[in-house]
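Down below is the structure, laid out as structure tokens.
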Amino acid sequence: MPTSFEDARSLILDHIEPLPSETVPLLESLGRALAAPLDAPLELPRFDNSAMDGYAVRSEDCRPGVRLTVCGTIPAGGRPEPAVPVGGAVKIMTGAPTPPGCDAIVPFEETDSGEELVTLYGPVNKGDHIRYRGEDIALGSRVLAAGATLRPPEISLLASFGCQSVEVVRRAKVAILSTGDELVEVGEPLDERTVVNSNSWSLAASVKELGGEPVMLGIARDNRDSLLEKLSEGLQYDALITSAGVSAGDRDLVREVLDELGVKQHFWKVDIKPGRPTAFASREAVPVFALPGNPVSTMITFEEFVRPALLQMMGHRAVLKPLIKVALAEPARKKPGRVQFMRVAVSSGPNGLRMVSSGDQNTGILGTMLRANAIAVLPAERDDFAAGEAVDVHLLGPAAALLAS
Ligand code: AMP
Ligand code: MG
């Protein structure tokens, strides 16, 4: 009995343990997952400061047309002096600490920009254009959760706290093995019987894109000895991904040899299209993903099953891409029974996002994958979809990963 898409995904995620953590220099943490929650060791801003270039004033002295005596200047990085006397103003630059007595900043453009005396044009309220100490981030507040993906904003925050290094979850070393007697490696001579092993490359690129370290084991031939050697090697890494050799025509050789190696199989067929002959197994903490050989099926099953698993292994909290509703620009149809992953091109139209099929959905057609920027997830029980119907979609590519909730 094939496993449903949802069950297959939960079975996988239930088996994936996070790897240990390591400390890396701040910039190396980009795209990685924070190992432990972070509470603010400092408050931000660290001192009251001006949000504008202008004059530090006492708001009670200020009315439209009033003239104040300018008694000094505070540059960014300067000390918060002199204090603002009654009836006075201190020139101040953005980011400079506010001086004693000041309870508002008047931007230059709301004055005549006078050097010795300054005339104010409009009303001034207490607190105007002051960034108060701790208003952004309070001391001790929980600013990042364990498993937060470190993007430029998180790295900015860590830098503001003075962190030169950060503890993140280790990268997964992921073994990649292609199987098949017809395969040759890139660069080897071609003839009419051979197929270039492109799957190892798409898988390695996908692993790398999400922060893992691919280890390409090359090609195992369609015989027990070759598979035994390569699969045992693959089981030495954090995870193993194989392609091909799991469909009916391959006599389930990959599954037989995995069995021989003491690898426990959790499922080996999923109610999806493409990618039905996908198997998931594990030996201790090492997950094994046996993906179908068709290059398009390999990429789609990686996207749907392996990607969330590797992200979870590398400590990320958000591992599933959010599904967004996008309207079909033209009707679509499928057979009821299996979840279908339709390769689509999403674009923005006058009424928001819209999508069209990116071409022939046959798994042999790579061009449809090249033109796709998203996958529409069509529910198992449905068959016909009318033009205009909004359907669940997730975007392809690394940026979308970080939108995950
Ligand atoms: P299989 O799953 O072994 O039946 O393979 C399905 C299709 O995918 C066949 O056309 C294979 O030649 C092709 N294929 C299998 N492995 C690879 C690979 N590593 N790179 C490119 N194509 C492959
Ligand atoms: Mg084969």
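As the structure lists them, so they are numbered: ligands from 1, and atoms in each ligand from 1. It should be emphasised that the depicted structure is a prediction, and the values quoted were computed from it without experimental measurement. Worth knowing before you read on, the calculation uses all heavy atoms, side chains too, and leaves out hydrogens, waters and symmetry mates.
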Exercise. Counting heavy atoms only, which of Pro292, Pro295, Gly293 is nearest atom 15 (C) of ligand 1?
Worked result: Gly293
For this session: Could you pull out, from Asn199, Asp222, Leu253, Asn294, the option with a heavy atom nearest to atom 16 (N) of ligand 1?
Result: Asn199
Exercise. If you measure only the distance, is there a donor-acceptor pair under 3.5 Å linking the side chains of Ser4 and Asp271?
Worked result: no
In ligand 1, which numbered atoms sit nearer than 4.0 Å to a non-hydrogen atom of [X]?
{"X": "Glu182", "result": "11 (C), 12 (O), 15 (C)"}
{"X": "Val195", "result": "12 (O), 21 (C), 22 (N)"}
{"X": "Val196", "result": "20 (N), 21 (C)"}
{"X": "Ser178", "result": "19 (N)"}
{"X": "Gly245", "result": "2 (O), 3 (O)"}

For this session: Determine, for Arg333 against Asp384, whether the closest basic-nitrogen to carboxylate-oxygen distance falls under 4.0 angstrom.
Result: yes
Exercise. Are the charged groups of Glu115 and Lys91 less than 4.0 angstrom apart, N to O?
Worked result: yes
Exercise. Taking the six-membered ring for Trp, are Phe341 and Phe5 parallel (under 30°), tilted (30 to 60°) or perpendicular (over 60°)?
Worked result: perpendicular
Please tabulate, one pair per line, all N/O donor-acceptor pairs under 3.5 Å involving side-chain atoms of residues 277-292, not counting sequence neighbours.
{"unit_1": "Thr278", "atom_1": "OG1", "unit_2": "Gly275", "atom_2": "O", "d": "2.6"}
{"unit_1": "Ser282", "atom_1": "OG", "unit_2": "His266", "atom_2": "NE2", "d": "2.7"}
{"unit_1": "Arg283", "atom_1": "NH1", "unit_2": "Leu261", "atom_2": "O", "d": "2.9"}

Exercise. Could a heavy atom of Gly180 be found less than 4.0 Å from some atom of ligand 1?
Worked result: no
Problem set entry | Non-hydrogen atom of Ser198 closer than 4.0 Å to ligand 1 | yes
Seminar exercise, completed: Those residues at least two apart in sequence (or on a different chain) that pass ring-ring contact (aromatic ring centres under 6.0 Å, His included) with Tyr132 are none
For this session: Could you tell me whether the side chain of Cys102 reaches within less than 4.5 Å of the side chain of Tyr55, counting heavy atoms only?
Result: no
